[in-house]
Amino acid sequence: QVQLVESGGGLVQAGGSLRLSCAASFSFYDMGWFRQAPGKEREFVGAITWSSASTYYTDSVRGRFTISRDNAKNTVYLQMNTLKPEDTAVYYCAASRVKRDPSLISAYDYWGQGTQVTVSS
């Protein structure tokens, strides 16, 4: 059974940091992070290819967030620094079995349950 389990969310003050983890039951080609704020659509945050050779970020987090992965542990990480109140959302990790455009929701075959990140001002 394919499972993605996120952890690491919580409440942090603006300017602080959090590291999210996503443990997968299988190895996948691309692993991505998305987020969804209340009343808004789910949006792409970033992604990483299996070899870690390529990473992708949406403009609003580039330079503040870093994605990495440990394939031996089937785990992907999202290091979030200099957090802003507008980063508040439920964060989801997602996994793709084949190579597709990593910024698209439709590119992913499996999703985690999400973890809440709240940034206070």
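This is a predicted model, so every value here is computed, not measured.
- The shortest heavy-atom contact between Ala14 and Ser121 is CB-CA, 4.4 Å.
- Between Asn74 and Ser27 the shortest heavy-atom distance is OD1-OG, 2.8 Å.
- Note: the hydrophobic cluster containing Leu11 does not contain Val117 (ILVMFWY, side chain heavy atoms under 4.5 Å, direct or indirect links).
- Side-chain atoms of Ser96 come within 3.5 Å of backbone N or O of Ala107 as a donor-acceptor pair.
- Of all non-hydrogen atoms in Gln113 and Leu4, the two that sit nearest each other are OE1-O, 3.4 Å.
- A distance of 9.5 Å separates CD of Gln36 from CD of Glu43, quoted to the nearest 0.5 Å.
- When all heavy atoms of Gln116 and Ala89 are compared, the pair lying nearest together is NE2-O, 3.5 Å.
- Criterion: ILVMFWY side-chain heavy atoms under 4.5 Å apart, direct or through other members. Under it, Val12 and Val45 are part of a common hydrophobic cluster.
- Residues meeting the salt bridge (charged side-chain N to carboxylate O under 4.0 Å, His left out) test with Lys84, sequence neighbours left out: none.
- Proximity of a side-chain donor or acceptor of Thr88 to a complementary backbone N or O of Val119 within less than 3.5 Å is detected.
- Within the 3.5 Å criterion, the main-chain N or O of Leu20 finds no donor-acceptor partner in the side chain of Glu6.
- The backbone N or O of Ile67 lies less than 3.5 Å from a partner atom in the side chain of Tyr57, making a donor-acceptor pair.
- In this structure a side-chain-to-backbone donor-acceptor pair under 3.5 Å is missing from Tyr108 to Trp33.
- When atom types are taken as modelled, the side chain of Thr75 and the backbone of Asp70 share no donor-acceptor pair closer than 3.5 angstrom.
- Residues Arg64 and Asp87 form a side-chain contact, since some pair of their non-hydrogen atoms from C-beta on lies under 4.5 Å apart.
- Note that CG of Leu104 and CG of Asp30 are 11.0 Å apart. Values are rounded to the nearest 0.5 Å.
- For the pair Ser17 and Asn81, the tightest heavy-atom approach, listed with the atom from each and the gap, is OG-OD1, 2.9 Å.
- Atom-to-atom distance recorded for Arg35:CZ and Cys93:SG is 15.5 Å, nearest 0.5 angstrom.
- Using modelled atom types, no side-chain atom of Ser54 and backbone atom of Thr49 make a donor-acceptor pair closer than 3.5 Å.
- Residue Lys73 places its NZ atom among 12 or fewer non-hydrogen atoms of other residues, nucleotides or ligands, all under 6.0 Å distant.
- Not a single donor-acceptor pair under 3.5 Å links the side chain of Gln79 to the backbone N or O of Arg19.
- Residues Tyr92 and Met31 fall into different hydrophobic clusters, defined by Ile, Leu, Val, Met, Phe, Trp and Tyr side chains chained together at heavy-atom separations under 4.5 Å.
- Aromatic ring pairs are classed by plane angle as parallel below 30°, tilted from 30° to 60° and perpendicular above 60°; the pair Phe65 and Tyr91 is tilted.
- Here OG1 of Thr55 is found 9.0 Å from CZ of Arg62. Values are rounded to the nearest 0.5 Å.
- Applying the salt bridge (Lys or Arg N to Asp or Glu O under 4.0 Å) definition to pairs two or more places apart or across chains, those involving residues 104-121 are Arg97-Asp109, Arg100-Asp109.
- Tyr77 and Met80 are not part of a single hydrophobic cluster, where members link through side-chain heavy atoms under 4.5 Å apart.
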Next item on the list: For Ile105 and Trp111, run side chain to side chain contact (heavy atoms under 4.5 Å, CB included): C-alpha distance rounded to whole Å, both residues' side-chain angles, the deciding distance at 0.1 Å, then the answer.
Entry: CA-CA 10 Å; Ile105 291 175; Trp111 293 81; 3.6 Å; yes

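- Transitive grouping of hydrophobic side chains (ILVMFWY, heavy atoms separated by less than 4.5 Å) keeps Leu83 and Val90 in distinct clusters.
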